[in-house]
Amino acid sequence: MTLEEMLLHRRAVRIYDPDKPVDTEIVRHCIEQAQLAPTSSNMQLWECYHVIAPRMLQTLSRACLNQQSARTARQMVVFVIRPDRYKAHAKAVLEFEKENVRRYSPAEKQARRIANMELYYDKLMPAVYRRGGGLIGLGRKMLALLRGLSHPVVRQVSETDMRVKMHKSCALVAQTFMLAMSEAGYDTCPLEGFDSLLVRRALHLPYSAEINMIIPCGVRTEEGVRGERFRLPFSENYQRIG
C-alpha cells in the first residue's frame, strides 16, 4: 500500500472475524517497525505487551469494559510508558550518540559534540525526568519561569508535563504500529476506555508504569466498521500563515 492507501484503510474496527487468524510473527514485526517512531529526545520511555494467550485476552476484554473490539480481538497489544527507566535510557542513548559522533563527525568537532551530548544526557535528561511527589517538577517550573524572563525556554517541565510528553511519544509509537498493521492487511482499534487497575494487575506492571493505549488486533468483519468515516472540514483544522 501507499501511505494514503494505508491511511484510508485504517479504521477503528469494532468486530473481528473469529474465523480469520492473525499471524503472531507479523504482529511482532509491526511492533518492531513501530520502534522507528520518533520519541522526545529519543528517550523511548515505552514498552508494549503483545497478548496472545486466550485467558489473558479474556481478562483484558473484561478490563476494557467488554467492548466489542476487545471481546472479538484475536490478539492485543498494550502500550505502556516507563518513567522509571529514564536513567538507563539516557545512558544508552548517550553511548550510541558518542559512537555516532566518532564515526561521522569531523575530528576537530568531535570533542565539542561529545561534550554537548554528555551535558544533555548525563545532566539535563535526568534533571527533567526526575520525580519527587510534584516538588521537583515545581522547582523545574520555577527555574523555567525565571529563565523565561530573558530567554526563550521550554516551560513544560513539571512532573505532569513530563508525563504528558511520554504519553505523546508513546502515542506516536502506537500510531506507527497501527499503520504497519494496516499495511500488513490487519485491523486495529485504539482503546482508551479501560479499567487501568485491572490491566495493571493482569500484566503485573510496576507502580510507576502507566498504560497509554490498548490495541485489539484482527481482521474486520463487514459489521466491524461503523459506516463512513467522519472528519471535520479541513478548513476548520488548517490555518495558513504567510
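In terms of modelled atom types and a separation under 3.5 Å, the side chain of Tyr121 and the main chain of Ser41 share a donor-acceptor contact. Between the side chain of Gln44 and the main chain of Thr39, no donor-acceptor pair closer than 3.5 Å is present. A donor-acceptor pair under 3.5 Å links the side-chain atoms of Ser169 to the main chain of Ser40, judged by distance alone. Side-chain N or O atoms of Ser182 include one that pairs as donor or acceptor with a backbone N or O of Met6 at under 3.5 Å. Proximity of a side-chain donor or acceptor of Glu97 to a complementary backbone N or O of Met117 within less than 3.5 Å is not detected. With Arg62 contributing its side chain and Leu57 its backbone, the two residues share no donor-acceptor pair below 3.5 Å. Counting only distance, with no hydrogens or angles, the side chain of Asp187 and the backbone of Val13 share no donor-acceptor pair below 3.5 Å. The main-chain N or O of Arg102 is found under 3.5 Å from a side-chain atom of Gln110 such that the two form a donor-acceptor pair. Judged by distance alone, the side chain of Arg71 and the main-chain N or O of Asn66 form a donor-acceptor pair under 3.5 Å. At distances below 3.5 Å, not a single donor-acceptor pair connects side-chain atoms of Arg147 with backbone N or O atoms of Pro152.
Rounding to the nearest 0.5 angstrom, the gap separating the CG atom in Leu7 from the OG1 atom in Thr2 is 8.5 Å. How far NZ of Lys165 is from CE of Met162: 4.5 Å, rounded to the nearest 0.5 Å. Note: Arg74 CZ to Asp23 CG = 12.0 Å, rounded to the nearest 0.5 Å.
Between Gln33 and Thr176, the side chains place no donor N or O within less than 3.5 Å of an acceptor N or O (distance only, hydrogens not considered). Checked by atom type, the side-chain pair Tyr49/Glu47 shows a donor-acceptor distance below 3.5 Å. A donor-acceptor contact closer than 3.5 angstrom is absent between the side chains of Ser69 and Arg14.
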*When you look at Glu118 and Lys123, which way does the salt bridge (charged side-chain N to carboxylate O under 4.0 Å, His left out) test go after all the steps?*
CA-CA 7 Å; Glu118 289 175 336; Lys123 306 297 182 184; over 6 Å; no

_Checking Tyr16 against Val219 for the side-chain contact (heavy atoms from CB on, under 4.5 Å) test, could you report, in this order, the C-alpha distance in whole Å, the side-chain angles of both residues, the deciding distance, and whether it holds?_
CA-CA 5 Å; Tyr16 300 100; Val219 178; 5.8 Å; no

*Does the side-chain contact (heavy atoms from CB on, under 4.5 Å) test come out yes or no for Gln35 and Val173, once each step is laid out?*
CA-CA 7 Å; Gln35 281 193 297; Val173 177; over 6 Å; no

*asked:* Could you go through His50 and Thr24, starting from their C-alpha distance and side-chain angles, then the distance that decides it, and tell me whether this counts as side-chain contact (heavy atoms from CB on, under 4.5 Å)?
replied: CA-CA 9 Å; His50 181 189; Thr24 299; 3.6 Å; yes

*Are Leu191 and Met213 close enough, and set up right, to give a side-chain contact (heavy atoms from CB on, under 4.5 Å), and what steps lead you there?*
CA-CA 6 Å; Leu191 296 183; Met213 207 173 298; 5.9 Å; no

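Residues Leu145 and Arg155 come closest through the heavy atom pair CD2-NH1, 4.2 Å. When all heavy atoms of Ile136 and Glu159 are compared, the closest pair comes out as N-OE2, 3.5 Å. Counting all heavy atoms, side chain and backbone alike, Arg113 lies closest to Pro106 at NH1-CD, 3.9 Å. Of all heavy-atom pairs between Cys48 and Ile31, the closest is SG-CG2, 3.4 Å. The two residues Thr188 and Met178 have their closest heavy-atom pair at OG1-CG, 3.4 Å. A pairwise comparison of heavy atoms in Ser208 and Pro83 identifies O-CD, 3.4 Å as the closest pair.
Counting heavy atoms from C-beta outward, Leu203 and Val78 have side chains that approach closer than 4.5 Å. In this structure the side chain of Asp84 never reaches within 4.5 angstrom of the side chain of Tyr207, judged on heavy atoms. Looking at Tyr129 and Met43, their side chains come closer than 4.5 Å, going by heavy atoms from C-beta outward. Gln156 has its side chain out of reach of Val164: every pair of non-hydrogen atoms, C-beta onward, lies at least 4.5 Å apart. At least one side-chain heavy atom of Val27 sits less than 4.5 Å from a side-chain heavy atom of Val77. Between Pro18 and Thr72, the closest side-chain pair of non-hydrogen atoms is not below 4.5 Å. You'll find the side chain of Leu45 reaches within 4.5 Å of the side chain of His89, heavy atoms only.
Under the 4.5 Å side-chain contact rule for hydrophobic residues, Val22 and Ile26 share a cluster.
Just one of Arg131, Met125, Arg130, Met166 meets the side-chain contact (heavy atoms from CB on, under 4.5 Å) condition when paired with Tyr86; it is Arg130. Among the candidates Leu197, Asp195, Leu205, the single residue satisfying the side-chain contact (heavy atoms from CB on, under 4.5 Å) test with Ile211 is Leu205.
Salt-bridge annotation for Asp161 and Arg140: absent, with no side-chain N of the basic residue lying under 4.0 Å from a carboxylate O of the acidic one. Residues Arg28 and Glu32 are paired through a salt bridge, judged by an N-O separation under 4.0 Å between the basic side chain and the carboxylate.
In the displayed structure, Glu236 atom CD is contacted under 6.0 Å by more than 12 heavy atoms of other residues, nucleotides or ligands. Counting heavy atoms of neighbouring residues, nucleotides and ligands inside a 6.0 Å radius, atom CZ of Arg229 exceeds 12 of them. More than 12 heavy atoms of other shown residues, nucleotides or ligands fall within 6.0 angstrom of atom CD in Glu223. Few gaps surround CD on Glu108; more than 12 heavy atoms of other groups in view lie less than 6.0 Å from it.
Residues Phe79 and Phe177 bring their aromatic ring centres within 6.0 Å.
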